[in-house]
There are 2 protein chains.
Amino acid sequence: MTHKNLTIKEIAQRSGVSISTVSRVLNNSPSVSNEKREKIQAVIHENDYQPSMVARSMVSKRTHTLAIIAPDINNPYFTDLISEIELIANQSNYSILLFNTMSAGNRKVETKDSIEISVFKSILEKQVDGIFILGGDIDKEDLSESYLTALNHLNSIIPVVVIGQYQNGVNCHFIDRNLKYGVTLITQHLLSLGYRDIGFIGGEPKIKITTERVKAFKEILSLYSSVNEETIILNDYYAKDGYQAIKLLIEKNILPKALVAMNDQVALGAFRALNDYHLSCPEDIAIVSCDAFPDADFQTPRITNVNQHNHDLAQVALTTLLFYLDTTEILPENMSQHLPELVIRESCGSKNIGGLKL
Amino acid sequence: MTHKNLTIKEIAQRSGVSISTVSRVLNNSPSVSNEKREKIQAVIHENDYQPSMVARSMVSKRTHTLAIIAPDINNPYFTDLISEIELIANQSNYSILLFNTMSAGNRKVETKDSIEISVFKSILEKQVDGIFILGGDIDKEDLSESYLTALNHLNSIIPVVVIGQYQNGVNCHFIDRNLKYGVTLITQHLLSLGYRDIGFIGGEPKIKITTERVKAFKEILSLYSSVNEETIILNDYYAKDGYQAIKLLIEKNILPKALVAMNDQVALGAFRALNDYHLSCPEDIAIVSCDAFPDADFQTPRITNVNQHNHDLAQVALTTLLFYLDTTEILPENMSQHLPELVIRESCGSKNIGGLKL
DNA sequence: CTGTTAGCGCCTTCAA
DNA sequence: TTGAAGGCGCTAACAG
């Protein structure tokens, strides 16, 4: 910390011009003589001068920073999304301010007042240009009044894009994941393979992601077979939950012939539990997952799952947010997202391993 | 975007006082009459007023923001560290600006000029108070001259803490991971179980993490047995690399009786490859890992590995950075980090499953 | 094409 | 205990 960054004033002095001229070359204004421009650029380079974003923000009211609020960055679903958003944001010259609220995951923190509400305050202070909410409180079936108020207030000052299911009474922009299509696709796959006795495991109850998926699961299943509520085990989104679910089903002696798992981690936990009971997937039971995580192709068995195309999600979310940064109008057209895609591997017991895509 | 945040000036007007008085209550200055203080606080609450961090930063030269530069946030090692740092940083009222350089991982970007150097520029603009570098270019055996210059320049303006191995010629503060101890521990474990024919898989060549671990591995192995260079396969840090390594060893017909994998993901890929060749771990070959990732306990087999106590790392890194934020002196005492810890599970073939910790 | 001036929102002297 | 004034580094009119 010996050096300090120079100011525009010092660059002006060393270049023998006024600060406005320096400011002009900084902002690529055409109305600067080549001679002075070159001189100034030289001085800028010599001194490794970087204009202060803080001062610029002061004037422009833009920080070129986007906030991401995520409940658990140890969950691959969120990191996938974050790294995707970050990549595209950087290309548009935005930086990412990350808020990991820990409202999910191993280190889940329980407080009477939601952490997210306090995060909203920090974000307001920081004056980011826009905000992504990737999950957390917003996914709850019953939103608290205080959360709703805080979120709407936030959104009235800074545009918020939520990647998740639409919530009544929330004024943010929502990017829908089309959960229904994905579950339907994969359940149908099991049905087509001949399975009729199908259960569902994983996912926190009272959370929209869970309820929507379970609802769609029941809908499609009931068309061809019957739903057995006992084999629907909702707990949480992690490997431990898949493990626990299988344990429960086996202990109650109601293990079905096939299971839809909330995501790959739940499926992983399920595999492990089966192994502990000397059962195996897919021989004894087929297990598929609604949400693809990395390494699905390296598990044993390789996991048949749904690719929700998070890459698209991130793209759409960013485009949407960037749009609302500049205007309060309605986004003209819905951007195209790829539909969730069934990826058939081994865990479903299908013989069509590899290649086959629906 | 109907509302806008009020300014201190408006709060002053609505409270019937001057802006300096408002500023005083904002900063908990004692010299304000209770009457005015209460009036002002009421107005602040009514209007959900949040002072502008940007304006404050303009004056204080502090943004209360820390940057994290990581090469691949899809890698659990980095997310672990990030979420840990974020948690502690938040408690000290710092926000995290995340830079995912993508210099590692599936989407690895190759450019002649390092992305990190351009990230350094963004960071300089943003005027963060301090910087963490979690990996990436800094881990290379041969640092480019341009990178070195850029990093040292950065560090001369903003304090940088690197979580990684010390590099000659770099002026940042380093937090060492004690890689040697971990590998030694786990190799010794294999040796104690009676294995003599032990290989090493995973890890990018020419990267310090790799070279240090391989070096330590060879050192301890050569004390009890002999090193076979052919069974040391260095490629990268992911599941695909474990897979590829096993494939190679089998095809060359030199699969050893035991392997040390760079991390759990490499081990996972190795398991998968073994299965494809109708071999299994630990029956046919023992595989252990140097770096624990989440879910090690849910893999089949459960992975015997080393817990590098990343929690500690984050803690020490943050404390160090916070210290150097305020002073240029030398940190008085080395903070204690837990030593890497051997966690015995199933993949080593040990009968002492569970419980046993060294 | 160039320089002067007036803020952006806040903190910090300095007087009162 | 309070208010007025100046300045943080930069941009954006406005004159020249």
Side-chain angles (χ1 to χ4, degrees), chain A residues 3-41 43-44 47-65 93 123-129 157-158, chain B residues 3-41 43-44 47-65 93 121 124-129 157-158:
Chain A
H3 295 58
K4 74 179 197 66
N5 231 341
L6 299 178
T7 71
I8 195 174
K9 195 173 163 190
E10 295 164 293
I11 297 295
Q13 285 169 346
R14 299 188 188 193
S15 311
V17 296
S18 76
I19 56 171
S20 359
T21 307
V22 177
S23 176
R24 284 187 189 100
V25 336
L26 250 27
N27 296 290
N28 295 313
S29 158
S31 34
V32 177
S33 72
N34 276 327
E35 189 190 15
K36 296 206 170 177
R37 179 186 306 280
E38 278 161 28
K39 170 66 181 165
I40 292 168
Q41 274 165 345
V43 175
I44 287 176
N47 297 281
D48 282 312
Y49 165 75
Q50 295 284 140
S52 156
M53 264 300 291
V54 175
R56 286 183 149 182
S57 300
M58 185 96 232
V59 178
S60 69
K61 305 284 162 209
R62 290 287 175 97
T63 53
H64 265 262
T65 303
N93 246 297
I123 291 185
L124 239 22
E125 278 185 1
K126 294 286 183 173
Q127 291 168 256
V128 301
D129 295 340
I157 298 173
I158 304 171
Chain B
H3 296 55
K4 71 177 200 64
N5 231 342
L6 300 178
T7 69
I8 194 174
K9 195 174 163 189
E10 295 165 293
I11 297 294
Q13 286 169 345
R14 298 187 189 194
S15 311
V17 297
S18 75
I19 56 172
S20 349
T21 307
V22 177
S23 175
R24 284 188 189 99
V25 336
L26 251 27
N27 295 290
N28 296 313
S29 157
S31 34
V32 178
S33 71
N34 276 328
E35 191 190 15
K36 298 208 170 178
R37 178 186 306 279
E38 278 162 27
K39 170 66 181 165
I40 293 169
Q41 274 166 343
V43 175
I44 287 177
N47 297 280
D48 283 314
Y49 165 74
Q50 296 282 139
S52 156
M53 264 301 290
V54 175
R56 287 184 149 183
S57 299
M58 184 95 233
V59 178
S60 70
K61 305 286 164 210
R62 289 287 176 99
T63 53
H64 264 261
T65 303
N93 247 297
K121 287 194 184 143
L124 239 20
E125 279 186 1
K126 294 286 182 173
Q127 292 169 252
V128 302
D129 296 340
I157 298 174
I158 304 172

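The structure displayed is predicted, hence computed values, not measured ones.
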Can A/T65 and B/K126 be counted as having a side-chain donor-acceptor contact under 3.5 angstrom? yes

Earlier contact from the 5' end, DNA chain D, for A/K9 and B/R24: B/R24

Sugar-phosphate only, base, or nothing, as touched by A/S20 at under 4.0 Å among non-hydrogen atoms: base

Have a look at A/S52 and say if it touches a base, only the backbone sugar-phosphate, or nothing, with a 4.0 Å heavy-atom cut-off. sugar-phosphate

Taking only N and O in the side chain of B/R56, is any of them less than 4.0 Å away from OP1 or OP2 of C/dG9? no

Contact under 4.0 Å: B/T21 side-chain N or O vs D/dG3 OP1/OP2: yes

Rounded off to whole Å, could you give me the CD-to-P distance for the A/E10 and D/dC8 pair? 10 Å

What is the distance, rounded to the nearest whole Å, between atom CD of B/Q127 and atom P of D/dC8? 14 Å

Quickly work out the B/I19 CD1 to D/dA4 P distance and round it to whole Å. 9 Å

Counting the atoms with a prime plus P, OP1 and OP2 as sugar-phosphate, which does B/T7 contact under 4.0 Å by heavy atoms, base, sugar-phosphate, or nothing? sugar-phosphate

Distance criterion of 3.5 Å, no angle test: do you see the side chain of A/S23 paired donor-to-acceptor with the base of D/dA12? no

Within the pair A/K36 and C/dT2, is there a side-chain N or O less than 4.0 Å away from OP1 or OP2? yes

Separation of D/dG9 P from B/E125 CD (nearest whole Å): 16 Å

Atom pair distance, as rounded to whole Å: CG in B/L26 and C1' in C/dT12: 14 Å

Taken to the nearest whole Å, CZ/B/R62 to C1'/C/dG9 is 20 Å

What is the distance, to the nearest angstrom, from the CD1 atom on A/I157 to the P atom on C/dG9? 14 Å

Taking the side chain of A/V17 as heavy atoms from C-beta outward, which of C/dC11, D/dG3, C/dG3 is closest to it? C/dG3

Taking 4.0 Å as the cut-off, does a side-chain nitrogen or oxygen of B/Y49 come that near to OP1 or OP2 on C/dC10? yes

Using the rule given for side chain to side chain donor-acceptor pair (under 3.5 Å), can you reason through A/S52 versus B/Q127, listing the C-alpha separation, both sets of side-chain angles and the distance that settles it, and then say yes or no? CA-CA 7 Å; A/S52 156; B/Q127 292 169 252; 2.4 Å; yes

Measuring from A/I44:CD1 to A/I11:CD1, what's the distance to the nearest 0.5 Å? 6.0 Å

Taking only N and O in the side chain of B/S33, is any of them less than 4.0 Å away from OP1 or OP2 of D/dT2? yes

If every non-hydrogen atom of A/V32 is compared with every non-hydrogen atom of A/R24, which pair is closest and at what distance? CG2-CB, 3.6 Å

Take the protein atom CD1 of B/I8 and the nucleotide atom P of C/dG7, then report the distance between them rounded to whole Å. 18 Å

When you measure from the side-chain N and O atoms of B/K61 to the phosphate of D/dG9, is any distance below 4.0 Å, counting only OP1 and OP2? yes

Between OG1 on residue A/T21 and CG on residue A/L26, distance to nearest 0.5 Å: 11.5 Å

